[in-house]
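Have a look at the structure below before the remarks.
Note that this is a predicted model, so its numbers are computed, not measured. Residue indices begin at 1 and follow the sequence shown. Quick note: numbers below take in every heavy atom, side chains included, and nothing from hydrogens, waters or symmetry partners.
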Amino acid sequence: MEKENHSERHVVIPGEVIMSGDNYLPGEGTEKVGKDIIALRYGLAEEVSKLVKVIPLSGVYRPRRGNVVIGKISNITFNGWLIDIGSPENAFLSVAEYPRFVHKSEIEAEMNIGDMAVAKIKDVNRKAVDLTMRLKGLGRIDEGLIVQVNSNKVPRVIGKEGSMISLIKEETGCNIIVGQNGFVWIKGDNVEKELFARSAIMFITERSFDHGLTEEVKKWFTKEKK
């Protein structure tokens with residue numbers, strides 16, 4: 001007999017049976033043993049269209065092609081910037097992937113050591129991560145607030161199909177970019193709105209294990225606005 005199809009994420013531990021039945025397929029962080037889908041790591045189990053996976057809740061950020069990340073300029077070379085994105089691999093942004101033409105003599109004037117920036121991962125190889133900023137919304141961060149959370153809790157901050165982050169934006173009036181590496185950029189009309197958004201994000205990460213988290217966040221906003 002198959003278990004009920006759960007669309008809500010729930011916490012599982014290694015070895016736990018998440019789903020059972022011939023129709024389910026093992027995704028990331030799982031394996032199939034007989035008819036059972038077994039968790040291989042601690043995290044949040046999720047089933048979408050019969051594909052079951054486990055989203056880890058701890059660990060180091062693992063760069064993936066296509067991820068939007070937020071990082072700090074850690075060094076400057078003759079043809080680009082090294083950016084710390086919190087991963088074991090070095091991340092590099094070449095001047096060719098900057099939003100506009102930069103002469104090599106002007107690299108430091110565009111982005112200097114210590115500056116924060118939003119970029120997208122163009123490619124990942126064994127020794128390095130290649131970044132790009134040649135897309136809308138990417139570039140140096142000049143204002144706003146940066147919040148750091150565990151990268152494995154980013155899915156909870158974003159929510160299914162962006163539902164949670166949309167709720168935070170609506171309630172706080174802030175523009176928010178969530179880096180897959182755990183850095184969140186908040187930009188509001190004033191500091192009070194930015195701090196309000198930060199508080200909401202911290203509330204979510206502290207309760208990332210809870211069921212019905214969206215409803216809890218809605219109640220939190222109602223209470224805080226009073």
Side-chain angles (χ1 to χ4, degrees), residues 8-11 42-44 46 55-64 66-74 81 83-87 91 93 111-121 131 133 135-226:
E8 183 177 339
R9 292 168 175 167
H10 58 286
V11 178
Y42 177 67
L44 290 172
E46 180 182 61
I55 302 167
L57 290 175
S58 61
V60 178
Y61 168 65
R62 293 182 296 174
R64 293 186 179 182
N67 279 181
V68 170
V69 293
I70 296 174
K72 180 183 288 187
I73 310 301
S74 60
W81 302 265
I83 302 180
D84 181 3
I85 60 171
S87 67
L93 175 73
M111 292 198 300
N112 209 342
I113 294 173
D115 287 345
M116 299 293 292
V118 185
K120 189 171 185 177
I121 295 179
L131 304 175
M133 286 185 178
L135 293 167
K136 186 178 179 181
L138 307 180
R140 188 178 68 184
I141 296 173
D142 293 319
E143 52 190 348
L145 188 67
I146 301 290
V147 179
Q148 185 176 10
V149 302
N150 187 303
S151 62
N152 291 297
K153 294 187 179 183
V154 165
R156 291 296 259 178
V157 175
I158 295 174
K160 287 188 176 180
E161 298 180 352
S163 58
M164 189 71 82
I165 198 65
S166 294
L167 174 63
I168 301 171
K169 289 178 180 180
E170 181 180 344
E171 292 287 347
T172 65
C174 292
N175 292 319
I176 304 173
I177 294 180
V178 182
Q180 291 293 332
N181 60 331
F183 287 91
V184 184
W185 177 27
I186 304 169
K187 176 63 180 72
D189 294 334
N190 53 58
V191 175
E192 287 74 18
K193 287 184 178 181
E194 293 171 353
L195 292 174
F196 190 29
R198 183 182 69 176
S199 295
I201 290 169
M202 299 315 296
F203 179 86
I204 292 166
T205 57
E206 289 167 3
R207 290 161 179 78
S208 59
F209 303 111
D210 294 358
H211 296 288
L213 184 57
T214 301
E215 290 304 313
E216 284 190 42
V217 174
K218 288 179 179 178
K219 291 177 182 178
W220 181 87
F221 273 120
T222 300
K223 179 182 177 182
E224 292 297 314
K225 284 191 171 182
K226 289 181 180 180

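Here the side chains of K187 and E194 are in contact, with some heavy-atom distance below 4.5 Å. The shortest distance between side-chain heavy atoms of V217 and E171 does not fall below 4.5 Å. With contacts defined as side-chain heavy-atom distances shorter than 4.5 Å, the pair M164/T214 qualifies. For the pair N181/N67, no side-chain contact is recorded, criterion being any heavy-atom separation below 4.5 Å from C-beta on. I70 is listed as a side-chain neighbour of M116, based on a closest heavy-atom distance under 4.5 Å. For the pair L131 and V69, the minimum side-chain heavy-atom distance is below 4.5 Å.
Nearest heavy-atom pair across N152 and P155 is O-CD, 3.6 Å. For the residue pair K193 and T172, the shortest heavy atom distance occurs at CD-O, 3.5 Å. Residues E143 and W185 share a closest heavy-atom pair of O-NE1, 2.8 Å. Of all non-hydrogen atoms in I121 and P63, the two that sit nearest each other are CD1-CB, 3.7 Å. S151 and Q180 make their closest contact through CB-O, 3.7 Å (heavy atoms, listed as atom of the first residue, atom of the second, distance). Contact record, A200 with I168: CB-CG2, 4.3 Å, taken as the closest heavy-atom pair.
To the nearest 0.5 Å, the span separating CD1 on I146 from CD1 on I177 amounts to 9.0 Å. One finds the CD1 atom of I201 at 8.5 Å from the SG atom of C174 (value rounded to the nearest 0.5 Å). Atom-to-atom distance recorded for I204:CD1 and R156:CZ is 9.0 Å, nearest 0.5 angstrom. A distance of 10.0 Å separates CD1 of I85 from CZ of F183, quoted to the nearest 0.5 Å. Atoms CD and CZ, from E216 and R207 in turn, are 7.0 Å apart once rounded to the nearest 0.5 Å. Separating the CZ atom in F221 from the OG atom in S199 is a distance of 9.5 Å, to the nearest 0.5 Å.
More than 12 heavy atoms of other residues, nucleotides or ligands lie within 6.0 Å of NZ in K169, so this atom counts as buried by the packing criterion. For K223, the NZ atom counts as loosely surrounded, since its 6.0 Å shell holds 12 or fewer non-hydrogen atoms of other residues, nucleotides or ligands.
Annotation: salt bridge (Lys or Arg N to Asp or Glu O under 4.0 Å) contacts of E192 (sequence neighbours excluded): none. Shown here are the salt bridge (Lys or Arg N to Asp or Glu O under 4.0 Å) partners of D84, two or more places apart in sequence or in another chain: there are none. E206 pairs by the side chain to side chain contact (heavy atoms under 4.5 Å, CB included) definition with M202, not counting sequence neighbours.
At least one donor-acceptor pair under 3.5 Å links the side chain of K153 to the backbone N or O of T205. No donor-acceptor pair under 3.5 Å is formed between the side chain of W81 and the backbone N or O of I113. D115 places no side-chain N or O within 3.5 Å of a backbone atom of I141 that could act as its donor or acceptor partner.
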